[in-house]
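Everything numeric here is computed off the predicted structure, so don't read it as measured data.
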Amino acid sequence: MPSFVARVRDTQGKSRTEKIVAESIKEARVNLRQQGFVIQELKQAQAFDLKSALDFNTRFATVSVKDKAVFSRQFAALVNAGVAIVRSLGVLSEQCNNPKLKKALMDISSDVQNGLNLSDAMRKHPQCFDGLYVSMVQAGEVGGVLDEVLNRLAKLLEDVARLQNQIKSALSYPVVVGLLAVAIFIGMTVFLIPIFAAIFKDLGTQLPALTQFMLEVSKFLVGFWWTLPIIFVACSFSYKTYYSTPVGRLNIDSLSLKMPLFGDLIQKSAVAKFSRTFGSLTRSGVPILTSLEIVRDTAGNQVIANAIDASKVEVQQGGMISIALQKEKVFPAMAIQMISIGEETGEIDAMLMKVADFYEDEVEQTVKALTSILEPVMIVVIGGMVATILLSMYLPMFAVFEKLG
């Protein structure tokens, strides 16, 4: 009898992992629900396969948002054209270039051919299809509108990819310029300053404090360069360890929302992602409580996730989502008011889409403003680094000229 591994929430709302033995994934799901668990993820436990373990090309490949968007668009076209699901999956797996997604589609096609639902088959591959994707596919299967749901998924994923690209474009420029500036600074410190310092010492000139300091920095970089990667790895490990704790995650995510320049961008992108995802789920027929659970798990920020969790509790008690979000003071007032109007009129999905459109435009404008601010800031920083090097080299010259005079 096969065994299954499930990530669930118990009656107290705590996440835990459960192992269960059942005839099928449906029976496992029923048994877990009878025990009072809310299922977040359920998949069959995989036996160790040496061949799969050594398939590094598939093991370390990643499925991007763009890959899933393209697959969803093509899958929707085939289903809409009346092509059987098994055949559609076979066609798409043959032309798929991503090895991980290709293998997942082949496995899903085999499971569907053996009588498993498409959503249940996809749920066994969480690295390719997350809870959001599976829930929308499940809603499409139940409602008989799988092609329409797949098109919505493609649109949602395309919007998410566009939002991510906008944010990456804002960060790529300062990161690249900063790395180049640091590399130039280290190169000049290691190779130029010792030469100039040796010349001035031969002339009997007392080195100024700045030159002496930069010379010590140069000696450290030459003699103890190996400590830098150790420090970097230690800092990264400490950060990841602290961030993996509930308190650390909450503190860091809260601090990120308060950061100058970037805090506003993070908040607007989170609101846009929440609105787009929640609106797509509710429009596809996914129950509101299930939608809130999925959106909470995909929020990407613990402060935002806590606000969504509070709204779920409010809905369970018969309240409104907008009231809970307003209490948490995380979402902008305009977004809360538009969600409130959507709840009052019964068109919350349409209003959420309008909120998403508005804040995606806001993210685009914020990215442009951020880029225009960062450019002069980076110029000033690079200028300061170069000026420090030049001063450390030319200050002893002034002492030489003064001595000669």
Nearest 0.5 angstrom please: [X] [atom1] to [Y] [atom2], how far?
| X | Y | atom1 | atom2 | answer |
| --- | --- | --- | --- | --- |
| I266 | K258 | CD1 | NZ | 13.0 Å |
| L289 | I294 | CG | CD1 | 11.0 Å |
| M334 | I339 | CE | CD1 | 11.0 Å |
| L105 | F75 | CG | CZ | 8.5 Å |
| S284 | L153 | OG | CG | 6.5 Å |
| N306 | L250 | CG | CG | 6.0 Å |

Sub-4.5 Å side-chain heavy-atom contact between [X] and [Y]:
| X | Y | result |
| --- | --- | --- |
| I85 | L146 | yes |
| F71 | F129 | yes |
| V70 | Q74 | yes |
| T227 | F220 | yes |
| K327 | E314 | yes |
| L210 | T388 | yes |
| F331 | I304 | yes |
| K68 | D130 | yes |

Between the main-chain N or O of [Y] and the side-chain N or O of [X], is there a donor-acceptor pair closer than 3.5 Å?
| X | Y | result |
| --- | --- | --- |
| N114 | S110 | yes |
| D120 | L116 | no |
| N98 | T62 | yes |
| S88 | A84 | yes |

Result block: side-chain N/O donor-acceptor pairs under 3.5 angstrom for residues 131-144, not counting sequence neighbours:
from : atom 1 : to   : atom 2 : distance (Å)
Y133 : OH     : S72  : OG     : 2.6
S135 : OG     : G131 : O      : 2.8
Q138 : OE1    : R123 : NH2    : 3.4
E141 : OE1    : S119 : N      : 3.2
E141 : OE1    : S119 : OG     : 2.8
E141 : OE2    : L118 : N      : 2.9

What do the steps show when you test F278 against I288 for side-chain contact (heavy atoms from CB on, under 4.5 Å), and what is the final call? CA-CA 8 Å; F278 190 30; I288 289 182; 4.1 Å; yes
Mark yes when over 12 heavy atoms from residues, nucleotides or ligands other than [X] sit less than 6.0 Å from its [atom1]; otherwise mark no.
| X | atom1 | answer |
| --- | --- | --- |
| Y242 | OH | yes |
| M106 | CE | no |
| K66 | NZ | no |

Minimum heavy-atom separation for [X] to [Y], with atom names?
| X | Y | value |
| --- | --- | --- |
| L292 | S311 | CD2-OG, 3.9 Å |
| V5 | T17 | CG1-CG2, 3.7 Å |
| S392 | I389 | OG-O, 2.6 Å |
| S275 | L352 | CB-O, 3.4 Å |
| V271 | P332 | CG2-CD, 3.6 Å |
| C128 | A104 | SG-CB, 3.7 Å |

Could you walk me through whether N151 and N80 satisfy the side-chain contact (heavy atoms from CB on, under 4.5 Å) test, starting with their C-alpha distance in whole Å, then the side-chain angles of each, then the deciding distance to 0.1 Å, before giving a yes or no? CA-CA 10 Å; N151 276 320; N80 184 260; 6.0 Å; no
Quick one: do V217 and L221 satisfy side-chain contact (heavy atoms from CB on, under 4.5 Å)? Show the steps, please. CA-CA 6 Å; V217 172; L221 292 176; 4.1 Å; yes
Ring centers of F274, Y359 separated by less than 6.0 Å: no
Take N251 and S254 through the test side-chain hydrogen bond (donor to acceptor under 3.5 Å, both in side chains) and record every step on the way to the result. CA-CA 5 Å; N251 290 337; S254 178; over 6 Å; no
Please enumerate all residues that pass ring-ring contact (aromatic ring centres under 6.0 Å, His included) together with F213, with sequence neighbours excluded.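 Per chain and number, F213 pairs via ring-ring contact (aromatic ring centres under 6.0 Å, His included) with no residue.
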Mind telling me whether F224 and W226 have parallel, tilted or perpendicular rings, with 30° and 60° as the class edges?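 Tilted, since the angle between the ring planes falls between 30° and 60°.
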Evaluate the side-chain contact (heavy atoms from CB on, under 4.5 Å) criterion for residues E343 and S322: first the C-alpha distance (whole Å), next the side-chain angles of each, then the deciding distance (0.1 Å), finally the verdict. CA-CA 8 Å; E343 288 179 305; S322 55; 2.8 Å; yes
Going through the checks in order, is the salt bridge (Lys or Arg N to Asp or Glu O under 4.0 Å) test met by K124 and D107? CA-CA 9 Å; K124 295 167 64 175; D107 292 342; over 6 Å; no
Output every pair passing salt bridge (charged side-chain N to carboxylate O under 4.0 Å, His left out) with a member in residues 266-294, not counting sequence neighbours, ordered by first then second residue.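 Pairs touching residues 266-294 that pass the test: D159-R276, D264-K268, K268-E362, R276-D357, R276-E360, R283-D349, E293-K312.
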Worked verdict on R162 versus E158 for salt bridge (Lys or Arg N to Asp or Glu O under 4.0 Å): CA-CA 6 Å; R162 181 168 58 86; E158 287 165 359; over 6 Å; no
